[in-house]
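Chain A is the first sequence line, chain B the second, and so forth, proteins listed ahead of strands; every chain is numbered from 1. Computed from a prediction, not measured in an experiment: that's the story for all the values here.
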Amino acid sequence: MFANSVVLITLTLVIGLPPLVCLFMALSAGQLDDGGSSAESIFEEQELRYSRPWETRRQMQDRVQQHGNLMNNPRAEWERWL
Amino acid sequence: MLMGALATVIFALVILVILPSSLLSHVEAPPQLKRPSQQELLGRQIYISNGCIYCHTQQVRDAEITADVSSGLGNRASVPADYVYDAPNLLGTMRTGPDLFNVGVRLPDSNWHLLHLYQPRALVPWSIMPAFPFLFEHKPKAEKGDKVLKVPAAYAPKQGVVVITPEAAALVAYLTSLRHDYPIPDSPAFKESQP
Amino acid sequence: MTIQQGQVDVKQEDNSQYLNKASAMEMETYDQSGRQPVLLGFLIAVIWLLIGTVLGDLSSFKFDHPDLLSGQAYLTFGRIRPAHLNAMVYGWASTAMFSVSLWLMPRLCRTRLRWGRVASCGILVWTAGLIVGLVLLLQGYSDGLEWLELDRMWADPLLVVGAAMVGASVWRTLAARNVHHLYVSVWYVAASYPWFLIIFLAGNLPFYRGVESAAVNWFYAHNALGLWLTAVNLALIYYLLPKIIGRPIYSYWLSLVGFWALALFYALNGMHHLIGGPIPSWMIATSITASIMMVIPVIAVGINQHMTVVGRFGAMRYSPALTLAVIAAMSYTAVSLQGIMTALVSVNRITHFTHWTIAHSHLGLYMFVTLSLFGGMYYILPRVLKREWPSRRLIRLHILLTGGGMALYIIALGIGGVLQGLSLLTPGTGFEASVASTKPWLMLRSISAVIISVGHLAFIYHSYLLAFSRKHSTTQLPPFIEFKPVLVKERKS
Ligand code: HEM
Ligand code: HEM
């Protein structure tokens, strides 16, 4: 009688187990160590200093404290809508 | 290393392909379940190629949680053994139209099915099922050997006759063969051997 | 392991300059390195969107007028409707996702796109396979499995080869990376290609029978949603939100929790499409449990993305890409919570087999996947073409019509589906009641279909203008700037 499907169980493992291996590999390679810099890695050099017109004064002040004085986006984004 | 992980995956797949799944999860056909005839298999193919599955299920769900049994779709829930001859499966996910698992029990009349396929609204005025006129042939006159479908005047073509094609006949043969009113196959092995 | 670490060490020595952030110029070279496949993919995707829209509209109208265009076999509902699914999922969404991945990888790996030609050819091969498959499908040649209708002899091999070629380019770029830490989007994109190939191959093998065929069918379909469509679009959203807002993702750690929870547990979910069906109950119970566990990645993603944007919703007025990414991100949470709810037996007994599922499908595939891809195109195309979208009015039209139309679609079918389900649960009312209960809602869906289609036409026309006309826009205002903010207080300055 059909009580289980070996195909399905195997498939599930085929999809589910490699990530587990990868997770350990990633851990041992230090991939998960430095979240902060990973999170910031998508930004260009001065990008976090570009002024953004929608921010409140508080938010701007926070950024000035963290990254230095704000500057205009050289490519005039925000004035348009890129 | 990543390549190695990938290789493992592929290896596992190869095993899957090599080990015939039928050896591993075995279901026996209930004695009352007929092996489909050549014509019924052709009909099944017509069912697939015209996408009946997108509106019709072929499964009766557990009576404890649904009204499938109490509203007459079958006398019991369907079990894996009912489907041993099905490849591919046609369980379906929509009940835009009613379930067809036991349509051969509920509606055994071939002529009803033929007219219903030609124009559902000729029999069921509120139906939203599409008509399948292309499964029939319009001819000015019936020739020798042609099976002619009787169509009520309101839905009949102005001239000529409606002839039943082998495809339509096969589809109806398939539909009327859908009968799963035998009791649940109760071989001792039926009880789930796995947790 | 040693080899890999060795590689990493070498990289770090060689590429000390990459410890700094990229300059704007550098980003531009990455964008240009993938110009050919990215543009090709988007072009093909937009054509599929048009085809899929016509097919979807036709399917919808056929519910209201069952005799509409029923004379020809290739126009029957049972062929048009799977053609809609395949054109949208494999044509529109997947092809656009190829482009998105090929654009994201160089930026995130800080290297130019490798094997871009291979990727372009892959996109063409994929498209050829899809055309073959759809023509055969309309001719009546279907493999008979939902989501896997395309012919396994003539179409599927081309799809596999095409996706593998694009995947090869993605992985080759990853291997040539100049960064050590992988951004979360890289995890999603890189993993999605092998995942997709494995499940697609496994799903298409021809020797499953009976209920096992159904089990593998839904194993495939569910993972195609979660490990392919969801993965690449979450990658895109994880990139766009922080990038446009100008603020790193709220918790990088949480984003990794989301990824790994998805990767480890998603594959168990498939059987929740067969609740109540003839499948061993322990398998369904496992799936329901796994579905409930999906709360973890979903909430992780939801909180993370919300906290990134929170307090800055006003930015949506400045960037249509952000507007769409935010709606898509919220829809991801919504569709997943709806799905988890639907996987519970007490809900599923009502909604299974009804239009509630169609509402869920489109909340996922439209409000999440499609809007995220629209957002991606609004962001990516100007950067690759070095040209701004020409018309703010067309952007407004597009977003309002598609977003509003689809909201109507989902609400209508959500209500209609529950009514239908309740009527199916009441024995003795007859089937007529369930048909009658859905009719007005299906009509409403057809109205929304027209609205959405107009939105698509606006978008397609606008893409055409962007790509092929010389009409430049210089500084205009962002499209939604006049919309007074409701979620944020106006800045006093
Ligand atoms: C113009 C907009 C659209 C309209 C009018 C539309 C209409 C429809 C209709 C009428 C159905 C059949 C429902 C049924 O069988 O009861 C359907 C199913 C489906 N559509 Fe769409 N659709 C649209 C956009 C999309 C998009 C953009 C996608 C994906 C990217 C999509 C993916 C699907 C899927 C996956 C199904 C199958 C759902 C299921 O089996 O549960 N649709 N659509
Ligand atoms: C973890 C979150 C999710 C859960 C637990 C879930 C659960 C479910 C369940 C139980 C069904 C079957 C409904 C039925 O047939 O009665 C279903 C169908 C579906 N879901 Fe989800 N869902 C989730 C997320 C998503 C997402 C993110 C998407 C889109 C990207 C999506 C798209 C679909 C589609 C298209 C179907 C219809 C499949 C078909 O019948 O053709 N779901 N989901």
Side-chain angles (χ1 to χ4, degrees), chain B residues 1-2 6 9 13 16-17 20-22 25 27 46 48-55 57 59 61-62 65-68 70-72 77-80 82-98 119-121 124 126-135 192 194-195, chain C residues 1 3-4 62-64 66-67 70-73 76-79 81-82 140-146 194 198 201-202 205 207-214 217 273-282 345 349 352-355 357-358 420 424-428 431-432 434-436 438-439:
Chain B
M1 187 70 184
L2 272 177
L6 220 67
V9 170
L13 256 183
L16 275 187
V17 179
S21 51
S22 54
S25 52
V27 195
I46 308 286
I48 291 173
S49 76
N50 290 301
C52 309
I53 191 178
Y54 301 104
C55 292
T57 53
Q59 50 177 315
R61 287 173 300 167
D62 195 336
I65 57 167
T66 70
D68 286 8
S70 54
S71 56
S78 51
V79 295
D82 297 327
Y83 299 91
V84 274
Y85 299 126
D86 281 20
N89 84 90
L90 294 175
L91 289 182
T93 53
M94 285 298 279
R95 277 193 190 157
T96 306
Q119 177 48 276
R121 277 154 294 287
V124 188
W126 46 264
S127 173
I128 57 169
M129 172 164 145
F132 294 89
F134 50 86
L135 292 178
E192 286 180 9
Q194 296 286 314
Chain C
M1 193 59 70
I3 300 171
Q4 203 206 16
K62 276 165 176 276
F63 280 93
D64 311 319
D67 287 319
S70 63
Q72 298 296 325
T76 192
F77 175 79
R79 295 191 190 174
R81 187 234 194 243
Y141 298 94
S142 160
D143 285 356
L145 296 165
E146 286 182 75
I198 293 172
L201 275 171
L205 294 179
F207 38 67
Y208 309 118
R209 308 185 64 81
V211 288
E212 189 160 78
S213 152
N217 189 176
H273 292 262
L274 295 168
I275 294 173
I279 297 280
S281 48
W282 72 268
V345 172
R349 61 196 280 270
H352 198 32
F353 304 146
T354 72
H355 290 288
T357 311
I358 307 298
Q420 181 190 10
L424 285 173
L425 262 191
T426 321
F431 198 77
E432 182 180 0
S434 89
V435 173
T438 56
K439 271 186 180 167

Worked check of ring-ring contact (aromatic ring centres under 6.0 Å, His included) between F132(B) and F134(B): CA-CA 5 Å; F132(B) 294 89; F134(B) 50 86; 5.7 Å; yes
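- Contact annotation for L424(C): both backbone and side-chain heavy atoms come within less than 4.5 Å of a heavy atom of chain B.
- Contact annotation for D143(C): only backbone heavy atoms (N, CA, C, O) come within less than 4.5 Å of a heavy atom of chain B.
- For T96(B), the parts sitting under 4.5 Å from any heavy atom of chain C are the backbone and the side chain alike.
- The greatest number of non-hydrogen atom pairs below 4.5 Å with chain C, out of T66(B), D86(B), T57(B), N50(B), is found for N50(B).
- Of the atoms belonging to Q420(C), it is side-chain heavy atoms, and not backbone ones, that fall under 4.5 Å from chain B.
- Comparing H352(C), R209(C), E432(C), R349(C) by heavy-atom pairs within less than 4.5 Å of chain B, the highest count is held by E432(C).
- Ranked by heavy-atom pairs shorter than 4.5 Å toward chain B, the options G144(C), G71(C), A73(C), S142(C) are led by A73(C).
- The candidate from G97(B), S71(B), C52(B) with the greatest count of non-hydrogen atom pairs under 4.5 Å with chain C is G97(B).
- Judged as a salt bridge (Lys or Arg N to Asp or Glu O under 4.0 Å), and not counting sequence neighbours, the contacts of R121(B) are D67(C).
- The closest side-chain donor-acceptor pair between Y141(C) and S49(B), if any, does not fall under 3.5 angstrom.
- Annotation for P278(C) and Q59(B): closest pair CD-OE1, 3.6 Å, computed over non-hydrogen atoms.
- Residue G92(B) comes nearest to I53(B) through the heavy atom pair CA-CG1, 3.7 Å, listed as atom of the first residue, atom of the second, then distance.
- Between the CG atom in L145(C) and the OG atom in S213(C) there is a gap of 5.0 Å [rounded to 0.5 Å].
- Heavy atoms of A77(B) lying under 4.5 Å from chain C are absent altogether.
- With a threshold of 4.5 angstrom between heavy atoms, L135(B) does not approach chain C through any atom at all.
- Comparing T76(C), T354(C), T438(C) by heavy-atom pairs within less than 4.5 Å of chain B, the highest count is held by T76(C).
- Considering only heavy-atom pairs separated by less than 4.5 Å from chain C, the leading option among S70(B), P98(B), P130(B) is P98(B).
- Under the ring-ring contact (aromatic ring centres under 6.0 Å, His included) criterion, F63(C) pairs with F77(C), H355(C), not counting sequence neighbours.
- Interface remark: R81(C) contributes side-chain atoms only to the contact with chain B (heavy atom separation under 4.5 Å).
- Between chain C and the options I48(B), T93(B), I128(B), D62(B), the largest number of non-hydrogen pairs under 4.5 Å is found for T93(B).
- Counting only distance, with no hydrogens or angles, the side chain of N89(B) and the backbone of V211(C) share no donor-acceptor pair below 3.5 Å.
- We find the OG-CZ distance between S78(B) and R61(B) to be 10.0 Å, quoted to the nearest 0.5 Å.
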